[in-house]
Every structure is written in C-alpha cells, then in structure tokens.
Amino acid sequence: MDERYDTYCAVDPLFYDALTNTKARTTEYGEELILPAGWKRGAQDDWTVVGPDEDALPAQGWKVHISARREDAAEVLALVWDYCTARGIAFKFLRGPQMLLMRNSKYAGRGSSGKFVTIYPHDDTELEAVCADLSALLAGREGPYVLSDLRYGEGPVYVRYGGFAARYCLDESGKVVPAIANAAGALVPDRREPVFTVPEWVELPAFLRPHLEARGAAKVASVPYAIEKVLHFSNGGGLYTGRDTRTGDSVVLKEARPHAGLDATGADAVTRLRRERDMLRRLADVPQLARVHDEFRLGDHYFLALDLIEGEPLNKALVRRYPLTRPDATDDDLRTFTSWALDVHTQVDRAIREIHRRGVVYGDLHLFNVMVCPDDRITLLDFEAARDIAEDARPALRNQAFAAPRDRTGFAVDEYALACLRLALFLPLTAVLRLAPEKAAHFAAIIRSRFPDVPDSYLDDAVRTIRGEDAPSAPPLTLDRDRIATGILATATPARDDRLFPGDIEQFRSGGLSLGYGAAGVLWTLHACGAGRFPEHEQWLADRVAPPPSGSRLGLWDGLHGVVFALDTLGRTDAAVDLLGICLDEPWRELSHDLVSGLAGVGLSLDRFGVRDRADEVLQLLADRLDAAPPPAETSGRTNPYAGLTRGWTGPAMFFLQRYETTRDPALLDLAARALRRDLHACVRTDDGTMHVDEGWRTMPYLAHGSVGIGIALDRYLVHRPDDEAFRDASAAIRLAARSPFYAQSGLFAGRAGIVAYLASRVANGIVADAPALARQAGALVWHALPHGDHLAFPGEQLLRLSTDLATGSAGVLLALTMARDPERTALPLLAPPTTADAPAPRTAVPAGAPA
C-alpha cells in the first residue's frame, strides 16, 4: 500500500480529497489570536502562514520546528504566537486538529511528522535566541520527535537547515522536488528525510554542537539486543529482526515512538504496543500467535521483543503462488492453489475462534498480518488493535480491504474480515467492497468461473456476511460506455476552484487541471470517445488558465502543455495558443527528459502545434542528454532513474519516432533505439517468459512504469526496422505480459485499462492476432466496475476511493474501452503515428502572444 493515500481518505467516503477542502475543516488553530498591525496571515496547503507585511527573509537557512500533542497544541501555538509577533519573526502552523492528527498518524510521512509550528529566524543570532527562549517557554511540554531535525534540549524544539522560499529542482530520478542553493548557487534537492543531516557546504552553528553530541547518547549497546535487519518503518516506529545477546534467541523487535503513530482515537504507538503486549500474554495458550519474549526502553522509545516466526506474510505468499497473474496457468495449477488457499483460510478461522473463546476481538485481520511458515502453518501477527469484547469499541486502525462497516461491532468485526479473506485469497480486490458491498456477489461469481473447485458454500457464506443477511440481490454489471460517461459527469464540482472532477491524490500536488489527473484529461476523453462536448466545464478549465495559477507545472500529463492539447482539441484554439505562449516563456529547457513532466511531452506538444524550431530544440536537448546519460541501471525507481513510458527513456523514444515519421531522418531511429535499450536494461523475464520492468522489489507490466508502455514504442519502432531481432524478441515477451487474467487495478497508467490500450495499439498496427486478447481484457474491466447511483464508476490507485481522471480512473477506462472498440480511430493522447490529416502547418515562429 502507498501510505500517502491514507491522508486523502479522511474527508470523503467515495473520493480522494484534501483536508484543506472547506467541508473537511471544522475548527482551525489560531482563529481567536490577534495579529499586530502590519502583519498578515494566509492559507498555504495544510498551513496558516503568519508574518510581517515587509519581511526580507533569506531564501534558505536554519529554521525552528515546534512539535505538540493534540491535547495542548492550541496552548503551544498561543505561546509561540505571542513570542514571534512581539519580535517580528515569521512563522507558520498546521491549520487545524485534523491536520495535526494526520501528520502524526501511523502512516504519515516520517520526514515531515511532528512539525506543528515552523519558525523562520533571519540569521544565526536570532536562531540561537529563538531556540533558547522557546525551550524555556515550552519547558515541560511534550510532542512527537521530529526525525528530520536536531532536537534542542529536552523539550519540543527542533532545528533543521532548509528552504524558506518555494524553489524546486529535479532529483536524480527526474522528480520535481523542493530545492535549496548549494555553495555555487545551483539548486539541489532539499532533502527532507527522517534523519538529521547538514548540507556539506553549511556549518553547524557552534551553539548546536552540544545538542548534536547529546543526540547520540542513547546507544543500542545499552540494551541486550543486537538489531540485524530492518523489516519496516512506519511513523509509529520500526520493526526489526534481532538477537538476544544473552541467550542467542532470534527475536522480532517492535519499536514505538511516544506521541507518534496516532490512530483514529488519538492513541499513540506506545499505547498500542503496550496493549499488544497485554493481549499476547492473555492469549499465550493460543498456538497460532507469536510469544512475548521481553520488553525494554531505549531513550524514550518503547520496545517489545517477540519470538521470531520464520516465514513470509500472506500477501507475499499469495503474490508468489497466485495463478491468475500467469498467462500459462494450468488446471492443475488452479487445483493446487485452491487446496492451499482453502487450508490457509481454515487455519485462520480456527485461530480467530480460539481468540474469541477467550473474550478478545482481534480487530485487524488482513493479508499482511498472517504469517505463512515454510510448512504452510499460519501465525497471526500484530495485536495492537485487539480489545476485550466488553470494551464495545471499533478498531482504530484498519485495512480497508478487510475493515467492517460501522454497523458491525464486537466479534462481527472479525467475522466480516474472515469473509473478506475468503474472497481475497482467490480475488484480492476486496478493498472496493467498502465502496460497493454488493460487489461481493460479483466477485464470488468470478471466483466460481476461474476456480471451479472452490465450494459454493464457502463463497455463499462470504457474500452473506459481507452484504448482510437481508441485503437485496444486485443486478449483474455490464460494461456500458454511456453509463461510465454519465457517471463521470455526475461527479463534476464546478463550484470548486481546485478541481472539476475527483481523481487521484496527484490533483492536490500538481493541480486539478492536467491531462493525466485533472479536468483537461476528462474533457478530452469524453470528446474523443464520442460522449459529447460540455461548454460550461470547458469554460471552467479555460478560465483557470487565463492566466494559469502561479507555480503550475509545464508537462504534457501533469501540467499546462496537456491543457494546451485539450483546449485545442476541444476547438478552443485561441485559448490554447495563448497558453502555449505562456508555456514557452517559462524555463522549459530545464525540465527532465520524461513524458509526464518533461521535454518528451513538451516536444510532442510543440510538434503537434507545428512549432518546428522549438520542437527541434527539444530534440537536440534530448539527444544531448541521451549522450550524457550514465550507464543504464539494472532496476527502475527508488535511487535509480525510472524506466518506462511516462518517466523513463521510452517517452523520448516516442518523440524521436514521431519526428522520424515526419522527417524520415534515420538518425532519429537510431536515437529511439538507444533510448529504448536503456529502458529494456531495467527489464527482467519472469519464470513464465513474460517481460516486466524490474523495480527491485516487484516487477511491473503496466503502461506507465511497466513493460507494456515500452512495448508500445518497440512495436512502433519495429514498423520501420522490423529486422531488429533483439527488439522483436523483447516485444514478444512483453506481449505475454498482456495475457494475464488478473490485474490488481483498472486504471490506464497502472492497471488493466493500460493493458487494453497496449493491445489496441498493436491491433491498430495491423497485428490482428491480438484482437481476441484485446476483447478478453476489455471485457474483464467489468471486474473493477462499481455501481454509483445509476452510473458505473471505477476505483483509482490503491482501490481505496473512486476516481474519474484519465491516468487512474473512469476516464482512462472509457478511453481503453473506446480504443478496444475502434483501435484504428482512437489512441492515447499524442502517441499515435501521425497521419496527413493530423499534420499542422509548420511554424518556425512561436504562436501569437508568445515571446520571441
């Protein structure tokens, strides 16, 4: 699970939304506090920013962070407010209690957790005074430790060197990240990782040195355990394997940070870990549980030592064994898997019954909390949410794929999770059941058709428990493009300024206008798929780029060039030309090379508009960067550059191919081949012969970051050079990746819709043998289809909420279905080979309104 999504689930039960949305805010900090004359305050994302009207702050420097608990955050703010306003020092603070809770929740980002107030001293002298004064003023106050900072003394005061002004640059993987200037004045990433570091060109102020020395006072050597491996970090603490140096016993060490890792009730990680200790001791005679070995403290962190259980979590065992991810699974494979899955469920069910007999609700059953041993015996993990049945409280930490509705209490919480496990073992899509419980019957029908040896009673019991005893039967779902289109339109929120259609959480980073995640992509898709034009919504988009918001990105899929494309396609050519001129006045030459945010997408946009001189400049920039690129990496992402269509060198390859098909310059094919080879270097063949992008910890077949996106470019290249044997072999292996019966998501970028788009592009290229596979994969999009009133909707990334956008949601599905129906006439934006009708008149000058 991508833990970033958890925060965006707190506002709306159906759609991802930001806590800054007005309907999510009930109270705000500082509303009763009075600003002095000559001061201003304003909202900035999750923060309220306060400062003098004319304040010449440096662009970067040492800043002070104050942490706080929810119980006394308002009091802490009042003290800091009075101190800073009396001294003319600017600061910002989290806008409300909900923001503070989510920033300190278990799944919050560890690099920013704990920060409640940020203070901006003008220089080191003021920095020293602020630290000393606030340390005394806040003495005795507590708060979560700010992992990215150096703690000053014993209180809630922390310091870190970083940016004051909003400046950005590209990191090693090509992402746009916050920036600071190095000693030479060049912008470099402002690292915001959960460990305190000082940039190499910055000297630590002398008054902070004793605090840095004190930071290392709590030594691991002071406890009788040796940590051997990190298993996992959350904002609440770490999970490690280790060894008891007194006995040699292997253990798992669970760490809990005070005031951090909050759950929905506000309980911190220490409170939950002590609850787990108590529950495990109470249930010590249940054989399917880990045993408590010891407990200890290290500094102010609490640790629980548990006996080590050898094995792998059920989610990993399921991925490794699951036959529907393989295109060549046999009937014997299905029978073997069915036997194993039924046995796993029987064991888990038996363990839960034993826990219930002792008057305890487990409360957190899901695939990650079941350990499968080498002999296939199971052990249940993680009892932080377990409670006595008499407490009559709902679990405060939940996995959505197994979390019971609010009307289930007591043992019924576990019964619901057991029912979800029945389905998830054979079709791991149960996260969407919180959005549409009636989908359970459809899942059962899919399982029956794919796993004929699963007993009917096993599935019927699951459906009955999930939907409730008296729930009416739902009619069968069928894919109806009109119902998808009307479902998208029904979600429009024209009264909002930040977005028109609900989509992925990326909307709240890059804005709600873009081709991939915003209004431009939805409106273009509706038009391209024959669903019509919607002038009032088009006007909403046009109004918000005339002019565009400050700080807007420029990319094709996440920025203004995508809006240019959509407006022009929708017939608003004047608005498109004006916006293109604005784009050309920005520092676009500094963008990364990729298709989503960078030069490859910009080049395709300029080429489409016939701005040949600028397109040629993009071409030269990409060729130079390809020449200067380091040796290709073995894996994609994390610390390595990305491979694939959207973030890798496949995007530039598509631009090289586009220009070749216009100019017929063979050197452009050579460039495309070199770019594709870089991305193929990060691909791996799996045991069944399919080719995926290797991310080191998983392999990916999908359109954006996976192999089929590379496959689209390979197939287009092979039209021109069909004798390239290595590329033909890679294309054949990628083709197998589009034959699997199961894909976890439905979206265009990272789901089955992207698989459909890939197959449709092959059929459009004349590979008619792929037409049956195209029809099968398009039809299987119904697996993810959800009823939404009288319409059809689709879940976005992580399956936690619905999405309508092009990259992750219903618009992407609608485009894929239209491509499957008419591959020759519908294609991905700007990624189809040009035709005579598509070619614009060449322009050597920039559009009207653009600077020369």
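The first residue of the sequence shown is numbered 1, and numbering continues consecutively from there. Bear in mind the structure is a predicted one, so any value in this text is a computation, not a measurement.
Taking the charged nitrogens against the carboxylate oxygens, R281 and E295 do have a contact shorter than 4.0 Å, which makes a salt bridge. Using a cutoff of 4.0 Å between basic side-chain nitrogens and carboxylate oxygens, D72 and R141 are scored as salt-bridged. The pair E312-R320 counts as a salt bridge, with a side-chain nitrogen and a carboxylate oxygen less than 4.0 angstrom apart. Ion pairing of R358 with E354 is present here, as a side-chain N (NZ or NE/NH1/NH2) and a carboxylate O approach within less than 4.0 Å. For R282 and D388, the salt-bridge test passes: some basic side-chain N is under 4.0 Å from an acidic carboxylate O. Looking at R69 and D268, no side-chain N of the basic residue comes within less than 4.0 Å of a carboxylate O on the acidic one, giving no salt bridge. Checked for salt-bridge contact, D278 and R275 miss the test: no charged N lies under 4.0 Å from a carboxylate O.
Taking the centre of each ring, Y702 and F749 stay at or above the 6.0 Å mark. Residues Y458 and H345 place their aromatic rings such that the two centres sit under 6.0 Å apart. Checked against the 6.0 Å centroid criterion, the rings of F426 and Y322 do not qualify as a close aromatic pair.
D414 and H356 share a donor-acceptor pair across their side chains, judged by distance under 3.5 Å alone. For the 3.5 Å distance criterion, the side chains of T330 and D333 qualify, holding a donor opposite an acceptor. With hydrogens and angles left out, the side-chain atoms of R4 and Q798 include no donor and acceptor closer than 3.5 Å. Inspection of the K439 and T430 side chains reveals no N or O donor paired with an N or O acceptor under 3.5 Å. Y240 and E228 form no side-chain donor-acceptor contact under 3.5 Å, judged by distance and modelled atom types alone. Checking S810 against T804 by side-chain atom types alone, no donor-acceptor pair falls below 3.5 Å. Side-chain contact of Y5 with D504: a donor-acceptor pair under 3.5 Å is present, judged by distance alone. In this structure, a donor-acceptor pair under 3.5 Å is absent between the side chains of H784 and S746. A donor-acceptor contact closer than 3.5 angstrom is absent between the side chains of N235 and R103. In this structure, a donor-acceptor pair under 3.5 Å is absent between the side chains of S457 and D460. Counting only N and O atoms by type, the side chains of D349 and T346 include no donor and acceptor under 3.5 Å apart.
Taking all atoms of both residues into account, the shortest heavy-atom contact from G796 to Q745 is O-OE1, 4.2 Å. Counting all heavy atoms, side chain and backbone alike, R434 lies closest to A403 at CD-O, 3.1 Å. The nearest pair of heavy atoms linking I466 to R408 is O-NH2, 3.0 Å. When all heavy atoms of L433 and A440 are compared, the closest pair comes out as CD2-N, 3.5 Å. Across all their heavy atoms, Y302 and L273 have their closest contact at CD2-CD2, 3.7 Å. When all heavy atoms are compared, the tightest approach of V251 to D244 is CG2-N, 4.5 Å.
Interatomic distance, F411 CZ to I352 CD1, rounded to the nearest 0.5 Å: 10.5 Å. Here D382 contributes atom CG and N369 contributes atom CG; the two are 4.5 Å apart, rounded to the nearest 0.5 Å. Within the model, atoms CD1 of I447 and NE2 of H442 stand 10.5 Å from one another, a figure rounded to the nearest 0.5 Å. Once rounded to the nearest 0.5 Å, the distance linking OG1 of T379 with CG of D307 reads 10.5 Å. Separation of atoms CG (L425) and SG (C420) is listed at 11.0 Å; rounding is to 0.5 Å. Put simply, NE2 on H259 and OH on Y145 are 13.5 Å apart, with the number rounded to the nearest 0.5 Å.
Side-chain atoms of Q347 come within 3.5 Å of backbone N or O of I378 as a donor-acceptor pair. Without hydrogens or angle criteria, S113 side chain to G109 main chain gives no donor-acceptor distance under 3.5 Å. Proximity of a side-chain donor or acceptor of R272 to a complementary backbone N or O of A385 within less than 3.5 Å is not detected. Counting only distance, with no hydrogens or angles, the side chain of H366 and the backbone of F368 share a donor-acceptor pair below 3.5 Å. Not one N or O on the side chain of R335 forms a donor-acceptor pair closer than 3.5 Å with the backbone of D453. Proximity of a side-chain donor or acceptor of R698 to a complementary backbone N or O of G696 within less than 3.5 Å is not detected. D46 contributes no side-chain N or O that, together with a main-chain N or O of L94, makes up a donor-acceptor pair within less than 3.5 Å. Judged by distance alone, with hydrogens and angles left aside, the side-chain atoms of T271 form no donor-acceptor pair with the main-chain N or O of A267 at under 3.5 Å. With hydrogens and angles disregarded, no donor-acceptor distance shorter than 3.5 Å links the side chain of E255 to the backbone of G237. Side chain of D12 to backbone of Y16: no donor-acceptor contact under 3.5 angstrom is found.
For the pair R297 and F303, the NZ or CZ position fails the cation-pi test of under 6.0 Å to the six-membered ring centre and within 45 degrees of the ring normal. With Y225 as the aromatic partner, R243 does not meet the cation-pi criteria of under 6.0 angstrom to the ring centre and within 45 degrees of the ring axis.
Put simply, the side chain of P258 does not reach to within 4.5 Å of the side chain of E142, judged on heavy atoms. When side chains are defined from C-beta on, R257 counts as touching L147, because their heavy atoms get closer than 4.5 Å. Residues F742 and L427 are in side-chain contact: their nearest non-hydrogen atoms beyond the backbone lie under 4.5 Å apart.
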Test log, rule side chain to side chain contact (heavy atoms under 4.5 Å, CB included), inputs I355 and L283 = CA-CA 7 Å; I355 292 169; L283 300 169; 4.2 Å; yes
task = Give the intermediate values and the outcome of side chain to side chain contact (heavy atoms under 4.5 Å, CB included) for residues E384 and D263.
result = CA-CA 11 Å; E384 292 183 12; D263 62 25; over 6 Å; no
inquiry  = Test salt bridge (charged side-chain N to carboxylate O under 4.0 Å, His left out) on D376 and R321; report intermediate values, then the result.
reply    = CA-CA 12 Å; D376 284 339; R321 293 172 178 259; 3.0 Å; yes
query = So F233 and L239, side chain to side chain contact (heavy atoms under 4.5 Å, CB included) or not? Walk me through it.
reply = CA-CA 6 Å; F233 280 121; L239 184 67; over 6 Å; no
message = Applying side chain to side chain contact (heavy atoms under 4.5 Å, CB included) to L306 and L280, what does each step give before you reach the verdict?
response = CA-CA 10 Å; L306 304 172; L280 287 176; 3.7 Å; yes
message = The test is ring-ring contact (aromatic ring centres under 6.0 Å, His included); show your working for Y29 and F116 and say whether it passes.
response = CA-CA 11 Å; Y29 291 125; F116 173 49; 5.3 Å; yes
message = Let's go through T325 and S740 carefully: what are the C-alpha distance in whole Å and the side-chain angles of both, what is the deciding distance for side-chain hydrogen bond (donor to acceptor under 3.5 Å, both in side chains) to 0.1 Å, and is it a yes or a no?
response = CA-CA 5 Å; T325 57; S740 298; 6.0 Å; no
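In the displayed structure, D687 atom CG is contacted under 6.0 Å by at most 12 heavy atoms of other residues, nucleotides or ligands. Residue-environment remark: CZ (R377) stays at or below the threshold of 12 foreign heavy atoms within 6.0 Å. Remark: R406 CZ is loosely packed, at most 12 non-hydrogen atoms of other residues, nucleotides or ligands lying under 6.0 Å away.
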